[in-house]
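All residue numbers in this chain count up from 1 along the given sequence. Only heavy atoms go into these numbers, but all of them, side chains included; no hydrogens, no water, no symmetry mates.
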Amino acid sequence: ENKDHRADAILAGLACQEVIKELNKKLDPGVPEVPAVRIGINSGVVTVGLTGSEKKLQYTVIGDEVNLASRLEGANKFFGSGIIISESAYAGCSGRIAARALGRVRVVGKETPIRIFEPVGEKGKLSVEWQKALPVYEEGVAAFEAKKYEEALASFQTFADIFPKDGPGQLYLNRCQEYAVLAPEATWDGGFNLTAKVRHTRLGDEEVALVVLSDDTERQLILRDLTFKHQSPELTYIELERVHSELSTTHSFESSLNQR
């Protein structure tokens with residue numbers, strides 16, 4: 001048994017990201033898309049072994065903890081991060097791994113939000129930039145969760161001076177700018193929903209949908225030619241963020257989602 005399996009997994013993930021960065025430096029300039037790797041890490045009890053039948057067997061892992069790791073991998077798209085680890089994974093190696101809080105999220109199939117983190121390096125080996133930026137970032141997240149949006153905005157603006165293209169930093173910066181002007185409902189618990197429930201109805205001659213965005217506010221969308229490529233009554237968080245960014249002031253909606 002490897003008692004350091006959490007730290008080893010996280011450090012392996014960080015090493016993968018560094019290798020990808022080095023490989024991308026050698027890419028042909030004509031390559032249409034730069035390769036990227038997203039990683040989700042969770043720790044818990046799973047079922048391991050052969051599954052299936054005599055005709056088709058597969059050695060795999062299954063269980064809620066596996067599903068959560070998969071959700072975390074995909075959640076990197078929402079935050080613009082590279083690696084997301086669960087609280088249970090981080091708790092077992094926080095003395096060795098430096099990580100920043102990304103907040104609390106609800107994933108598909110889970111009502112209770114969980115706290116997630118992005119590892120930034122091994123403690124004692126952080127770059128000068130991260131040594132300076134990490135405390136500022138954490139101050140911003142703490143202020144954001146306390147609903148002190150102007151205070152949080154100042155922190156994330158300082159953080160952006162150090163890492164101007166950082167995904168999570170930009171996400172929080174944009175949210176703080178919005179919420180400093182128009183704060184979310186007082187009942188909002190500060191968690192991000194990585195899925196959105198959609199309830200279809202009609203408004204006059206128009207088909208509409210009520211969509212709960214990641215800040216738990218409702219928006220009414222005129223669907224028009226909108227076509228969902230899946231039969232689930234939910235928008236994924238990726239679609240959700242597109243909805244959020246593409247809404248007009250009248251909430252009239254003609255989205256690129258029908259290209260999915």
Where do V141 and A101 come nearest, in terms of heavy atoms and distance?
CG2-O, 3.8 Å

Check the surroundings of atom CD in Q131: do more than 12 heavy atoms from other residues, nucleotides or ligands lie under 6.0 Å from it?
yes

Hey, are the side chains of C16 and I39 touching, using non-hydrogen atoms and a 4.5 Å cut-off?
yes

Under the criterion salt bridge (charged side-chain N to carboxylate O under 4.0 Å, His left out), I'd like the reasoning laid out for R115 against E87: C-alpha separation, chi angles, the key distance, then a yes or no.
CA-CA 6 Å; R115 185 165 291 279; E87 187 170 18; 5.1 Å; no

Could you tell me the separation between the CD1 atom of I41 and the CD1 atom of I10, rounded to the nearest 0.5 Å?
5.0 Å

Find out whether Y59 and V48 are in side-chain contact, i.e. whether some heavy atom of one side chain is under 4.5 Å from a heavy atom of the other.
yes

Closest non-hydrogen atoms of P113 and R104, given as atom of the first, atom of the second and distance, are CG-NH1, 3.3 Å

Quick one: sort the F159 and W130 rings into parallel, tilted or perpendicular, breaks at 30° and 60°.
tilted

Once you round to the nearest 0.5 Å, how far does CZ of R175 lie from CG of L153?
14.0 Å

I'd like to know if the side chain of N42 and the backbone of V66 have a donor-acceptor N/O pair within less than 3.5 Å.
no

S88 side chain to S43 backbone, donor-acceptor under 3.5 Å:
yes

Any sub-3.5 Å donor-acceptor pair from T158's side-chain atoms to A154's backbone N or O?
yes

Looking at R96 and D8, does any basic side-chain N land under 4.0 Å from a carboxylate oxygen?
yes

Under a 4.5 Å side-chain heavy-atom rule over Ile, Leu, Val, Met, Phe, Trp and Tyr, are L23 and V37 clustered together?
no

Linked, directly or transitively: I97 and I116 (ILVMFWY side chains, under 4.5 Å)
no

CD/E18 to NZ/K21 distance, rounded to the nearest 0.5 angstrom?
4.5 Å

Chi angles and distances behind the side-chain contact (heavy atoms from CB on, under 4.5 Å) call for L68, D64:
CA-CA 6 Å; L68 177 56; D64 285 345; over 6 Å; no

Atom OG in S86, atom CZ in R71: separation rounded to 0.5 Å?
15.0 Å

Of all heavy-atom pairs linking G52 and L57, the shortest is C-CD2, 4.0 Å

Full working for salt bridge (charged side-chain N to carboxylate O under 4.0 Å, His left out) between K147 and D189
CA-CA 10 Å; K147 300 184 179 181; D189 63 3; over 6 Å; no

Identify whether L134 and L171 are in the same connected component of the hydrophobic contact network (ILVMFWY, side-chain heavy atoms under 4.5 Å).
yes

What's the shortest heavy-atom distance between P168 and E118, and which atoms?
CG-OE1, 3.9 Å

D166/R100 ion pair, N-O < 4.0 Å
yes

Given 3.5 Å as the limit, does a donor-acceptor pair link the side chain of E122 with the main chain of A98, or not?
no

Taking E139's backbone N and O only, do any of them form a donor-acceptor pair with S155's side chain (distance below 3.5 Å, no angle check)?
no

Please check if atom NZ in K132 has more than 12 non-hydrogen atoms from other residues, nucleotides or ligands closer than 6.0 Å.
no

Around atom CG of L50, are there more than 12 heavy atoms of other residues, nucleotides or ligands at under 6.0 Å?
yes

Would a single hydrophobic cluster contain both I162 and V120, if residues Ile, Leu, Val, Met, Phe, Trp and Tyr are joined by side-chain heavy-atom contacts under 4.5 Å?
yes

Is it true that F156 and Y137 have ring centroids separated by less than 6.0 Å?
yes

Are L102 and Y179 in one and the same hydrophobic cluster, where Ile, Leu, Val, Met, Phe, Trp and Tyr link if side-chain heavy atoms are under 4.5 Å apart?
yes

Flag the pair F79 / I84 as yes when at least one side-chain heavy-atom distance between them is below 4.5 Å, and no otherwise.
yes

Heavy atoms, side chains only, cut-off 4.5 Å: are P35 and L27 in contact?
yes

Give me the atom names and distance for the closest heavy-atom approach of F144 to A152.
N-CB, 3.6 Å

Determine whether V105 and F78 satisfy the following criterion, side-chain contact (heavy atoms from CB on, under 4.5 Å), listing intermediate values before the conclusion.
CA-CA 11 Å; V105 299; F78 179 92; 6.0 Å; no

Measuring from C176:SG to K148:NZ, what's the distance to the nearest 0.5 Å?
13.0 Å

Verdict with reasoning, L72 to I85, per side-chain contact (heavy atoms from CB on, under 4.5 Å):
CA-CA 7 Å; L72 298 182; I85 61 176; 5.9 Å; no

Check the angle between the aromatic planes of W188 and F192 and answer parallel, tilted or perpendicular using the 30° and 60° thresholds.
perpendicular

Residue pair Y149 / P184: nearest heavy atoms and the distance that separates them
OH-CG, 3.6 Å

Polar side-chain atom of K165 near backbone of Q170 as donor-acceptor pair, under 3.5 Å:
no

